[in-house]
Amino acid sequence: MSMEATGKTPQPSLSLPWKTRIILSALAAITDASCRKNGTVNRRILSLVDFRCPPTSKSVNGVATHDVVVDEARNLWFRVFVPTQHAGKNLPVVMFFHGGGFVLLSPDDPPYDAVCRRFARKVPCVVVSVNYRLAPEHRYPAQHDDCFDVLKFLDDEENRSKSLPENANLLRCFLAGDSAGANLAHHVAQRACDFKFQRLKVTGVVAIQPFFGGEERTDSETRLAGTPLVSLKRTDWMWKAFLPEGEGFNRDHPIVNVSGPKAVDLSEIKLPPVMVVVAGFDVLRDWQIRYYEWLKKSGKEVCIFEYPNMCHAFYIFPELPESGQLIDKVKDFIHKISSDVATL
């Protein structure tokens with residue numbers, strides 16, 4: 001699964017069961033129906049298919065959950081996933097940021113509730129899944145501010161003791177996310193490098209198919225047109241909904257094109273180790289590989305894993321063998337970085 005990014009065109013074919021293809025097509029159709037041409041979101045349509053998972057104080061498949069409110073005015077809250085079979089074990093904390101193009105979804109949506117339960121059980125770890133504000137009602141930097149504020153909230157001992165189990169070790173805190181959530185994971189980790197936390201230390205980043213872009217149209221954006229879920233039309237719409245108004249729309253904004261012409265100089269920033277996940281049939285793959293290459297050229301510790309037969313968001317489908325393989329890779333990464341931290 002591991003690869004050094006070579007830029008070669010992947011030869012495999014997209015390998016998905018019909019059930020998964022149908023679900024992906026339905027998700028794409030709902031997204032298109034809800035994203036209006038005037039740049040607003042029809043949340044009424046979304047509410048018709050908006051099924052939510054309540055927290056479960058009793059263990060379900062080895063994981064109990066509860067919700068914690070950080071700021072009611074912002075609807076800023078997070079769901080905590082605790083693996084109940086590891087109560088006496090010192091566990092890393094994985095702060096998870098969901099995807100959805102900064103526009104859709106939340107921690108209590110069934111796919112994200114389920115995948116965070118898998119992470120908590122399989123790694124094992126305590127997962128903190130953040131509900132941040134969504135665009136276009138709340139544009140950048142609202143999402144990034146919300147996620148960073150959760151870090152600061154948990155750095156307070158009183159908040160930590162009320163929110164997390166005693167065996168949650170915030171000195172081994174990993175920031176993880178998929179798609180837009182992986183964009184958040186990178187930028188929040190970068191921001192954390194300049195902040196003096198009292199009890200929390202960000203020790204690693206898991207960037208699953210990160211949502212980056214730019215003014216340029218890459219090979220994968222054109223060659224992979226028509227693959228499931230992600231398209232240029234959808235990503236362009238989401239960037240316009242996300243970027244601040246009044247600044248002039250430009251996808252080379254450093255929050256979008258992280259490794260582009262306006263990229264932050266990482267040479268003096270002590271960014272923690274990063275794991276990047278790429279799929280062969282993801283329209284965004286060229287931007288993701290550039291991200292990996294940029295980190296490597298900047299002298300940062302980074303590894304990349306590719307799933308050549310998969311598309312965007314494949315890992316939320318547990319019926320796919322590659323989904324389980326990815327969970328295992330995340331487990332290995334967290335264990336390796338945690339053991340390195342323990343020997344310092």
Side-chain angles (χ1 to χ4, degrees), residues 22-52 71-77 97-112 130-147 177-184 187 209-218 220-222 224-258 260 262 282-284 286-287 311-313 316:
I22 291 169
I23 294 172
L24 285 166
S25 296
L27 290 172
I30 292 166
T31 300
D32 291 341
S34 61
C35 295
R36 299 185 179 109
K37 291 181 180 180
N38 65 0
T40 62
V41 175
N42 188 336
R43 303 217 179 265
R44 191 171 182 179
I45 286 180
L46 293 176
S47 68
L48 299 176
V49 291
D50 193 14
F51 306 104
R52 301 298 177 104
D71 184 349
E72 192 171 352
R74 284 188 277 171
N75 194 29
L76 177 57
W77 57 273
F97 309 128
H98 67 81
F102 302 108
V103 171
L104 306 168
L105 305 175
S106 68
D108 54 357
D109 278 312
Y112 283 114
V130 179
N131 187 73
Y132 53 83
R133 287 172 290 176
L134 299 176
E137 295 88 347
H138 305 280
R139 293 172 178 265
Y140 173 78
Q143 298 77 13
H144 293 71
D145 287 347
D146 286 352
C147 294
D178 70 315
S179 197
N183 178 303
L184 285 161
H187 288 292
Q209 300 178 276
F211 185 26
F212 296 129
E215 285 297 305
E216 177 191 349
R217 297 308 194 189
T218 66
S220 65
E221 286 178 317
T222 54
L224 296 175
T227 51
L229 202 58
V230 178
S231 69
L232 269 179
K233 180 181 176 182
R234 294 185 192 111
T235 58
D236 283 355
W237 190 99
M238 287 173 174
W239 288 130
K240 287 179 181 177
F242 167 73
L243 286 171
E245 293 180 299
E247 293 186 9
F249 177 71
N250 190 319
R251 290 188 303 273
D252 282 335
H253 189 296
I255 211 73
V256 179
N257 192 351
V258 66
K262 301 177 183 178
D282 185 352
V283 165
L284 302 172
D286 286 352
W287 294 112
C311 63
H312 198 77
I316 67 171

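Quick caveat: nothing in here was measured; it's all calculated off a predicted structure. We use all heavy atoms of the structure for the numbers below, so side chains are in, but hydrogens, waters and symmetry mates are not.
- Listed for the S220 side chain is a donor-acceptor partner under 3.5 Å among the backbone atoms of D286.
- Using a 4.5 Å heavy-atom threshold, the side chains of R139 and E245 count as touching.
- Judged as a side chain to side chain contact (heavy atoms under 4.5 Å, CB included), and not counting sequence neighbours, S25 has no contacts.
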side-chain contact (heavy atoms from CB on, under 4.5 Å) between R133 and N75, intermediate numbers included: CA-CA 7 Å; R133 287 172 290 176; N75 194 29; 5.8 Å; no

Pair D282-T227, side-chain contact (heavy atoms from CB on, under 4.5 Å): steps then yes or no: CA-CA 7 Å; D282 185 352; T227 51; over 6 Å; no

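- For the side chain to side chain contact (heavy atoms under 4.5 Å, CB included) with V230, the qualifying choice from T31, L24, L224, V283 is V283, the only one to do so.
- No side-chain N or O of W77 forms a donor-acceptor pair with one of E72 less than 3.5 Å apart.
- Looking at heavy atoms from C-beta onward, V41 lies in side-chain contact with P136 at the 4.5 angstrom threshold.
- Using a cut-off of 4.0 Å between Lys/Arg side-chain N and Asp/Glu carboxylate O, R43 and E137 are scored as salt-bridged.
- The number of heavy-atom neighbours closer than 6.0 Å to CZ of R52, taken from other residues, nucleotides and ligands shown, is above 12.
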Under the criterion side-chain contact (heavy atoms from CB on, under 4.5 Å), I'd like the reasoning laid out for T235 against F211: C-alpha separation, chi angles, the key distance, then a yes or no. CA-CA 9 Å; T235 58; F211 185 26; 3.7 Å; yes

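- In terms of modelled atom types and a separation under 3.5 Å, the side chain of D109 and the main chain of Y112 share no donor-acceptor contact.
- Remark: R251 engages D236 in a salt bridge, criterion side-chain N to carboxylate O under 4.0 Å.
- Remark: the backbone N or O of L76 is not paired with any side-chain donor or acceptor of N131 at under 3.5 angstrom.
- In this structure, the separation between CG on L46 and OG on S34 is 4.0 Å, given to the nearest 0.5 Å.
- Scanning all heavy atoms of the two residues, the minimum distance from A241 to A135 falls at O-CB, 3.4 Å.
- A donor-acceptor contact closer than 3.5 angstrom is absent between the side chains of H138 and D146.
- Minimum interatomic distance between H144 and Y140 (heavy atoms only, all atoms of both residues): ND1-CD1, 3.5 Å.
- Atom CG of N42 is separated from atom SG of C35 by 9.5 Å, given to the nearest 0.5 angstrom.
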Could you walk me through whether W287 and N257 satisfy the side-chain contact (heavy atoms from CB on, under 4.5 Å) test, starting with their C-alpha distance in whole Å, then the side-chain angles of each, then the deciding distance to 0.1 Å, before giving a yes or no? CA-CA 8 Å; W287 294 112; N257 192 351; 3.7 Å; yes

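- Residues G100 and L105 share a closest heavy-atom pair of CA-CD1, 4.0 Å.
- Taking D252 as the reference, nothing meets the salt bridge (charged side-chain N to carboxylate O under 4.0 Å, His left out) condition, with sequence neighbours excluded.
- With a 4.5 Å cut-off on side-chain heavy atoms, W237 and V103 count as touching.
- Taking all atoms of both residues into account, the shortest heavy-atom contact from S179 to G99 is CB-CA, 4.3 Å.
- Looking only at distances, a side-chain donor or acceptor of S231 sits under 3.5 Å from a matching main-chain atom of R234.
- Within the 4.5 Å cutoff, the side chain of L184 has heavy atoms near those of the C147 side chain.
- Under the 4.5 Å side-chain criterion, counting only non-hydrogen atoms from C-beta, I255 is in contact with F242.
- Taking both residues in full, the closest heavy atoms of W239 and F212 are given as CZ2-C, 3.8 Å, listed atom of the first, atom of the second, then distance.
- The shortest side-chain heavy-atom distance between L134 and F102 does not fall under the 4.5 Å cut-off.
- Summarising the geometry of G101 relative to A180, their closest heavy-atom pair is N-CB, 3.7 Å, with the distance given to 0.1 Å.
- For the 3.5 Å distance criterion, the side chains of D178 and Q209 fail to qualify, holding no donor opposite an acceptor.
- Side-chain contact annotation: H98 with S106, donor-acceptor N/O pair under 3.5 Å absent.
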